[in-house]
Amino acid sequence: MKRLLGVALGVLTAIGGFVDIGDLVTNAIVGSRFGFSLVWVVIVGVIGICLFANMSGRVAAASGRATFEVIRERLGPRAGLANLGASFFINLMTVTAEIGGIALALQLASSVSYLLWIPVAVVAVWLVIWRVKFSIMENVTGLLGLSLIVFAVALFLLKPDWGGLAGQALAPAVPETETVPGYWYYAVALFGAAMTPYEVFFFSSGAVEEGWTVKDLSQSRNNVLVGFPLGGLLSVAIAGCAAVVLLPAGIEVTSLSQVILPVAEAGGKLALAFVLVGIVAATFGAALETTLSSGYTLAQFFGWSWGKFRRPAQAARFHLAMIICLLVGVAVLSTGVDPVLVTEYSVVFSAVALPLTYLPILVVANDPQYMGEHVNGRAVNVLAMI
Amino acid sequence: MEVAGLPHRQVRRCVVTVRTPRVPTRGAGSLAMMLVALMVALGGCATAGGGVPGSVSRAVDQSTSAVATSRLALVLNSGARLTRAAASTTLSDMLGELESARASVLELPATVQDERMLRHQAVTAIDDAVAGAVKAQEAVASDDGSPSIDEGKAALDTAADRLADLKQRLAGSQ
Amino acid sequence: MKNPSRLQPAPPVAGRTLDAQLHLLDRQALDADGLPVTTVDDLEMNGPATGVPIPPGTAPPLLDAILTGPVLATRIFGGRPPASRLIRIPWKDVSDVGTVIRLGVRAESLGADWVERWVRDKIIARIPGGRHDPH
């Protein structure tokens with residue numbers, strides 16, 4: 001029974017942790033402008049992230065080292081530095097976007113301006129990184145993030161034309177109000193939203209944090225294989241809600257407030273409460289993950305002592321780097337730039353830098369020196385190349 | 001070569017070979033560059049072009065979307081499906097959208113009489129939309145029922161019609 | 001520089017043969033307690049100067065120290081900092097070479113670790129809760 005609970009916990013946190021502000025915003029934009037015709041991108045993205053998360057988890061479990069450490073060793077400092085530069089820059093943008101997301105969601109709940117919520121959000125994120133144990137942090141934000149399921153519930157309550165939606169999904173076509181370049185632009189953006197680079201570094205560092213061994217590998221693989229696709233379904237539900245309510249009304253999503261309107265229409269204030277809790281939890285969790293990821297990548301490249309399992313005094317530069325990242329995020333948001341715009345850019349940049357950030361992982365996971373018998377199977381390699 | 005002694009006095013041989021490391025990620029850098037160029041091109045194609053009528057059309061789309069959102073928020077709020085906080089946040093977001101649409105129209109050059117007329121019509125329509133959204137905001141926030149929800153809806157509907165007219169005229173003339 | 005294939009093969013020896021690029025460079029260095037110290041950014045060797053013919057009977061170059069810090073930049077982009085600016089971990093402190101390089105001493109005693117200690121003492125320790133384990 002205890003094992004079952006553990007497995008359930010793993011899967012649930014994977015679902016709840018999958019969606020971040022990038023997914024929320026991009027899927028809603030896509031739903032409101034393109035309907036269901038970009039669902040295939042989400043599917044491809046989910047397959048991709050499952051593959052790579054699995055790979056990085058295997059690297060961590062088989063070699064006892066987190067992925068980025070191995071990247072520098074295997075590929076040399078120049079490639080490692082390029083990878084670090086790209087990943088760090090994107091991470092920073094994503095941190096800024098997530099904190100903006102937390103603040104926007106809190107504004108929706110309270111009508112206090114989001115600018116006032118930003119310092120609160122940043123301090124809260126920092127406190128959790130500073131003091132809270134890794135597993136508690138993961139589990140709480142993951143489970144609370146599950147309340148985003150309300151999007152799927154809302155989609156059902158809205159009684160959409162399932163046949164029509166399925167038709168759009170299976171026979172993708174550019175809607176007449178949109179252009180072909182626009183379609184592909186958002187296809188790439190959606191792909192970047194699903195395959196966020198930080199996820200992989202976080203996953204493998206988390207594996208080291210929690211001390212995974214080869215035995216834990218199969219459980220982690222199951223968590224990933226079940227949790228992430230379900231998370232992908234959630235993304236599709238978000239797009240679906242937007243497609244059913246916003247697309248016919250001619251509303252193009254440009255702010256977080258529009259994302260929740262379909263949910264309110266379907267389920268009233270109760271559903272609204274769920275969705276706001278879910279958004280705050282998911283973006284908070286994602287903010288934690290991206291900030292930690294920035295710390296991990298820097299510390300692992302330069303060989304600093306890192307890890308939440310160590311007290312801050314023993315991982316001083318790691319924590320200092322994260323504090324600086326958070327401060328930069330606050331500074332950028334204080335300029336009044338629209339957080340949704342930052343989100344859009346972070347997602348596009350993630351997509352663009354995908355080869356730079358993911359290829360090293362592929363190389364490393366194929367290296368028998370680290371992996372022993374856990375080297376990638378052929379099939380995995382072929383799929384991952386795509 | 002010999003290596004200076006280690007704590008247990010074990011002498012190890014250290015062969016220093018200079019080998020150029022495999023850099024399979026060298027291709028990744030240029031691939032990323034190509035993707036950047038691609039995204040810039042796609043993003044540019046998707047949003048630019050069309051001259052003054054094109055820009056006005058985009059501003060009109062933006063405003064139509066904002067007006068529709070405001071109306072939806074107002075309706076949901078009056079049906080007790082949306083909290084006051086969420087509705088007022090949505091409406092202030094939409095007012096921001098309308099302001100940016102208005103600003104983008106005002107920035108357009110207006111050298112020809114046609115373009116000037118177009119600009120003027122667009123600004124008037126957007127102003128209507130702003131008035132409607134403000135009325136909706138007041139309706140949501142009001143404690144004594146005035147202005148009423150219906151007044152807010154009516155104002156938004158008028159603005160929506162005006163914008164739709166303008167859009168049709170733009171589409172027709174292109 | 002002589003064509004490598006015309007050099008005489010190295011005489012067989014007891015002990016391990018390490019490839020500096022593969023086994024030493026860019027490896028994580030852990031101290032005696034298993035705490036990460038740094039990555040090996042470069043290696044310092046003393047011996048004959050390059051580009052000068054080596055007289056027979058010269059002692060072979062010795063690996064002096066592991067280098068860290070700003071040498072990473074010079075290693076990637078070229079050049080070399082003056083010897084007085086190098087941050088060294090003497091080779092005598094190394095106790096084992098494997099997937100990671102283990103040092104036989106604790107990080108506290110290493111000069112190379114001073115940045116970590118400085119950040120810890122001046123910044124992290126001043127923030128409440130810095131010295132406690134996470135909940």
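Order of the sequence lines sets the chain letters (A, B, ...), proteins ahead of strands, with each chain counted from 1. As the structure is a prediction and not an experimental result, all values here were calculated from the model.
- Taking C/Asp121, C/Val40, C/Leu72 one by one and counting their heavy-atom pairs under 4.5 Å with chain A, the maximum is reached by C/Leu72.
- When all heavy atoms are compared, the tightest approach of C/Ile76 to A/Arg78 is O-NH2, 2.9 Å.
- Contacts with chain A (heavy atom to heavy atom, under 4.5 Å) involve these residues of residues 111-119 of chain C, listed by number: C/Asp113, C/Val115, C/Glu116, C/Val119.
- No side-chain heavy atom of C/Arg120 sits under 4.5 Å from any side-chain heavy atom of A/Ser305.
- C/Asp26 approaches A/Gly76 most closely through the heavy-atom pair OD2-CA, 4.0 Å.
- Here A/Phe302 is the residue among A/Trp304, A/Phe302, A/Phe309 with the most heavy-atom pairs under 4.5 Å with chain C.
- Using a 4.5 Å cut-off between heavy atoms, C/Val100 contacts chain A through its side chain alone, with no backbone atom that close.
- The heavy-atom pair separating A/Phe301 from C/Thr39 by the smallest distance is O-OG1, 3.5 Å.
- Of residues 316-333 of chain A, those residues with a non-hydrogen atom less than 4.5 Å from any non-hydrogen atom of chain C are, in numerical order, A/Ala316, A/Arg317, A/His319, A/Leu320, A/Ile323.
- For C/Ile127, the parts lying near chain A are the backbone and the side chain together; criterion is any non-hydrogen pair under 4.5 Å.
- Looking at A/Ala299, neither its backbone nor its side chain comes within 4.5 Å of chain C, counting heavy atoms on both sides.
- Residues C/Gln28 and A/Gly303 share a closest heavy-atom pair of NE2-O, 3.0 Å.
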